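Before any comments, here is the structure.
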Number of protein chains: 2
Amino acid sequence: MEKKTLRDVPDEDFLRLEHQICFSLHAASRAFNGVYRTALKDLGLTYPQYLVMLVLWEHGELPVKQIGEHLRLDSGTLSPLLKRLEATGYVERRRSAADERSVTARPTAAGSALRERALGTPRRIAEATGLTLERIRALRQELDELTTRLDASA
Amino acid sequence: MEKKTLRDVPDEDFLRLEHQICFSLHAASRAFNGVYRTALKDLGLTYPQYLVMLVLWEHGELPVKQIGEHLRLDSGTLSPLLKRLEATGYVERRRSAADERSVTARPTAAGSALRERALGTPRRIAEATGLTLERIRALRQELDELTTRLDASA
DNA sequence: CACAATTAAGTTGCACACAACCCAATGGCG
DNA sequence: CGCCATTGGGTTGTGTGCAACTTAATTGTG
């Protein structure tokens, strides 16, 4: 019995099959977002804002450009988001002296303090997934590879 | 040697570890979206609009409510989306005679014709993922289970 | 039957994402 | 040195997602 490959599937079935994989990804991403929404409400952060804070907690002061590289986001998304984080008081922005085009962001005192309060959150989320450590790692790796391939063919 | 579980990981590491799984999902979803964006441009559809058309092609006329159940979306998202699909001419909406609260949507002639033109798209997408059939199926199942667990704890 | 609770859509407001722009600063290159 | 292409941020416009609310129709219950 031959192994079934993509080429053996008729177009008709494909409309259904692929509906499953991309949609599943889409749905899972939004489900995660929902869990984070409630988990982060106390901290006054949205999920994308939380991702930015994670990057800043880990790397300290960073130019907008590099934040975008870490998170796969462009200035069109980051500029207003950082402005909101600044309005909330978690982040400071300033023009780089070395390169006047560049703007760097860094956590304020309140932003750094927030890190302590956020420490418990990721564990609760990880437990909500019901996945083991290995499973998480494997899934993460597969998804990252997938992203790379998709970005390459875009 | 004991197997390492979630409980053995210190909070500190979690801020990094968890950054991986949910963010990977988030990024992969957006990468998919990007590939679809270019693939669907010719058809005049966005990716969520395409998902709605997939459902309507498969099930024919459906109440908004049931479309939402298939796609995990509520009326707040679907109402304007369906209005745009109606404006483009791919979908017709009408109040149900049996239940005046309900509104059903179905493909127009143009909407049905679009299906033929869309037949090739999913295969190209699936090939762009670089995944085998089994891998796609396994990934889909794992993501669906993940979504169920996340929704349950929200 | 009357009436409160529920249900289905729709609307409003907010926050991403991202394409398509714009502007100012920088860097090359002749 | 002068000029143009490139680069980093920002703005605008469109389309989701989703919470919170509104409206109208239906259902359930006394």
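As the structure is a prediction and not an experimental result, all values here were calculated from the model. Quick note on labels: first sequence line is chain A, next is B, and so on, each numbered from 1.
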How many whole angstroms separate atom [atom1] of [X] from atom [atom2] of [N]?
X     : N      : atom1 : atom2 : value
B:Q49 : D:dT14 : CD    : P     : 14 Å
B:L81 : D:dC18 : CG    : C1'   : 14 Å
B:R72 : D:dA19 : CZ    : C1'   : 14 Å
B:L40 : D:dT16 : CG    : C1'   : 15 Å
A:L82 : D:dG8  : CG    : C1'   : 13 Å
B:Y50 : D:dG15 : OH    : C1'   : 19 Å
A:L73 : D:dG9  : CG    : P     : 13 Å
B:I67 : D:dT16 : CD1   : P     : 14 Å

For [X], report the nucleic acid contact type (base, sugar-phosphate, nothing); a contact means any heavy atom under 4.0 Å.
X     : answer
B:A98 : sugar-phosphate
A:T77 : base
B:L78 : nothing
B:S79 : base

Minimum heavy-atom separation for [X] to [Y], with atom names?
X     : Y      : value
A:A28 : B:L150 : O-CD1, 4.3 Å
A:L78 : A:V64  : CD1-O, 3.7 Å
A:Y50 : A:A118 : CE1-CB, 4.4 Å

Counting heavy atoms from C-beta on, name the nucleotide in [options] closest to the side chain of [X].
X      : options               : answer
B:D74  : D:dA19, D:dG15, D:dG8 : D:dA19
A:R30  : D:dG15, D:dG17, D:dG9 : D:dG17
A:V103 : D:dG17, D:dG8, D:dG10 : D:dG10
B:E100 : D:dG9, D:dT16, D:dA25 : D:dA25

Check your understanding: Does A:R106 reach the main-chain N or O of A:G60 with its side chain, forming a donor-acceptor pair under 3.5 Å?
Key -> no
Exercise for review: Indicate yes or no for a side-chain donor-acceptor contact from A:D74 to the backbone of A:T77 under 3.5 Å, with no hydrogens or angles considered.
Suggested key: yes
Review point. What about A:S75: does its side chain form a donor-acceptor pair under 3.5 Å with the base of D:dG10?
Key: yes
Review point. Is there a donor N/O on one and an acceptor N/O on the other, under 3.5 Å, for the side chain of B:R101 and the base of D:dT26?
Key: no
Side-chain touch [X]/[Y], heavy atoms, less than 4.5 angstrom:
X      : Y      : result
A:L51  : B:H26  : yes
B:L139 : B:I136 : no
A:H59  : A:H70  : yes
A:L81  : A:L85  : yes
A:R93  : A:K83  : yes

**Study point:** Along DNA chain D (nearest heavy atom to each residue), the more 5'-positioned of A:D99 and B:D99
**Key:** A:D99
Check your understanding: Starting at the 5' end of DNA chain D, which residue's closest nucleotide do you reach first, A:K41 or B:N33?
Key -> B:N33
Review point. Nucleotide range of DNA chain C contacted by chain B, 5' to 3', under 4.0 Å to a heavy atom?
Key: C:dT7 to C:dA19
Practice item. Describe, as an angle rounded to 10 degrees, how the axis at the first end of the helix from C:dC1-D:dG30 to C:dG30-D:dC1 is tilted relative to the axis at the last end, five pairs per end. Key: 10°
Review point. Should A:D151 and A:R72 count as an ion pair when the cut-off is N to O under 4.0 Å?
Key: yes
Study note, to complete from the structure: Whichever of B:V64 and A:G76 has the more 5' nearest nucleotide on DNA chain C, that residue is B:V64
